[in-house]
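A note on names: the letters A, B, ... follow the listed sequences, proteins ahead of strands, and every chain is numbered from 1.
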Amino acid sequence: MTNCLKVSYSVAGLIPHQPPALCVERVLSLVRDEGNESNSLVEAFVPNDGPYLLSGKITPEYFVELLAQSFAAVQGIRNKINKSPIPKGMLAAVDNLSVHQEITPGDRLIISLQKTLTFGSISVFQGTVQHGDCVVADGTMKIWHEKLGERE
Amino acid sequence: MRLTSFSNPIDSWLVETSMDSSGLIEAVACFPDDFFAFTGHFPHQPVLPGASLLLAVRLVAANSIGKDLQPFYVHGVKFKRSIVPKQKIEIFIKISFENEIHKLSFKTLSGSELIASGYIHCRSEI
C-alpha cells in the first residue's frame, strides 16, 4: 500500500518566505509515513529575477535556498494537515552539496526530499534537484525547527 | 526603487578587505536595510539567507584573488546565528589551490560570536 499522498498544493501560506526570496512553487507529493522510502516532491521554476541572479545567470548558491525552502514547504503542509502552527525554523547545516550543471531562468525543477533523521528540533534530509531527467544538484541539509509538527 | 544587491558594486556591502602574506583573507561586510536578499526573507523580520552568506563569501574570495570563482561543491557548512540588516560581520577565508580547484575554508563572526563556517570548492572561469 502506498503511503505517498499526491497533492498539488501551492506553498503560499505554508512558509514565511515571500517573493523575490520565495524559490518554490508547490508541493506535488507528500510521504505520509516517514519510514517509507518514497520521497516528497516539490516543484520550482528557476526565477528570472531575485537575489541569486548575477550577470544574467543563476548562482549555484541558489540550490541551498531551494532545498531548504522545499523542506520547509513539505513540513508546512504537514503542519497544515495536523492543524499545527508554522514553526520558526533555520537552515543549520549544508553537507555534500554538489552542483552538477547549470540551470537557466524558466527551467522547471523537481526537488525530491527524503528525511533521514529527526532528533529533537533538528531534521536531516537528503535532497535532489532534477531538471527533466537530469540531476542538477544534490546534498544533505540540516534544519532546526522551533517546534516540529506531530507525526501522522 | 532599485535595491542594493550582489549585482551592485561589491563595496555597497563590503566595508573593507585585506589579504595577508599567507593568503588569509579578512573582510568586514555590512548588508544595508535595502539589500535585495532581505526582501521577502522575511516580511517584517529581515534575515540574510544562508545561501546569500555563502554567495558573499565566494564573492569576497573572488574579489581578493581576482578570479571568477564558480562553486560546485559545498560541505561542512554550519549556520549558527542569523544576520540582520546593518549588522557588521567579519569574514575569514583561506584558499588552497589543488588540481585546478580553489578550496575555500571560511568562517564568519559577529563580534566574538560564530555566525557560520564551512568549505566551498570552486573552479575558476577564464
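For the options A/Val64, A/Leu91, A/Val99, A/Asn96, heavy-atom pairs under 4.5 Å to chain B are most numerous at A/Asn96.
Within the 4.5 angstrom heavy-atom criterion, no atom of B/Leu53 approaches chain A. Of the two parts of A/Pro19, only the backbone, made up of N, CA, C and O, holds a non-hydrogen atom closer than 4.5 Å to a non-hydrogen atom of chain B.
A 4.5 Å side-chain heavy-atom check between A/Gln18 and B/Phe42 finds every atom pair outside the cut-off. In this structure the side chain of A/Asp49 reaches within 4.5 angstrom of the side chain of B/Phe36, judged on heavy atoms.
Hydrophobic cluster membership is shared by A/Val124 and A/Leu67, with clusters built from Ile, Leu, Val, Met, Phe, Trp and Tyr side chains linked at under 4.5 angstrom. Cluster membership for A/Leu117 and A/Val94, using ILVMFWY side-chain heavy atoms within less than 4.5 angstrom, is shared. A chain of hydrophobic side-chain contacts below 4.5 Å, direct or via other Ile, Leu, Val, Met, Phe, Trp or Tyr residues, connects A/Met141 to A/Ile122. Hydrophobic clustering (side-chain heavy atoms under 4.5 Å, transitive across Ile, Leu, Val, Met, Phe, Trp, Tyr) groups B/Ile89 together with B/Ile10. A continuous path of hydrophobic side-chain contacts links B/Phe31 to A/Leu54 [ILVMFWY only; heavy atoms under 4.5 Å].
Other residues, nucleotides and ligands contribute only 12 or fewer heavy atoms inside 6.0 Å of the CD atom of B/Glu100. The local environment of CZ in B/Phe6 is crowded, with over 12 non-hydrogen atoms from other residues, nucleotides or ligands closer than 6.0 Å.
Nearest heavy atom pair, residue B/Leu55 against residue A/Pro51, reads CD2-O, 4.0 Å. Across all non-hydrogen atoms, the minimal contact from A/Pro16 to B/Pro43 is O-CD, 3.5 Å.
Atoms OG1 and CG, from B/Thr39 and A/Leu22 in turn, are 13.0 Å apart once rounded to the nearest 0.5 Å. Atoms CG and OG, on A/Leu53 and B/Ser5 in that order, are 9.5 Å from each other to the nearest 0.5 Å.
Residues of residues 69-81 of chain B placed with any heavy atom under 4.5 Å of a heavy atom in chain A are listed by number as B/Gln70, B/Pro71, B/Phe72, B/Tyr73, B/Val74, B/His75, B/Gly76, B/Val77, B/Lys78, B/Phe79, B/Lys80, B/Arg81.
Applying the side-chain hydrogen bond (donor to acceptor under 3.5 Å, both in side chains) test to pairs two or more places apart or on separate chains, those with a residue in residues 42-58 of chain B are A/Tyr52-B/Ser52, A/Glu61-B/Arg58.
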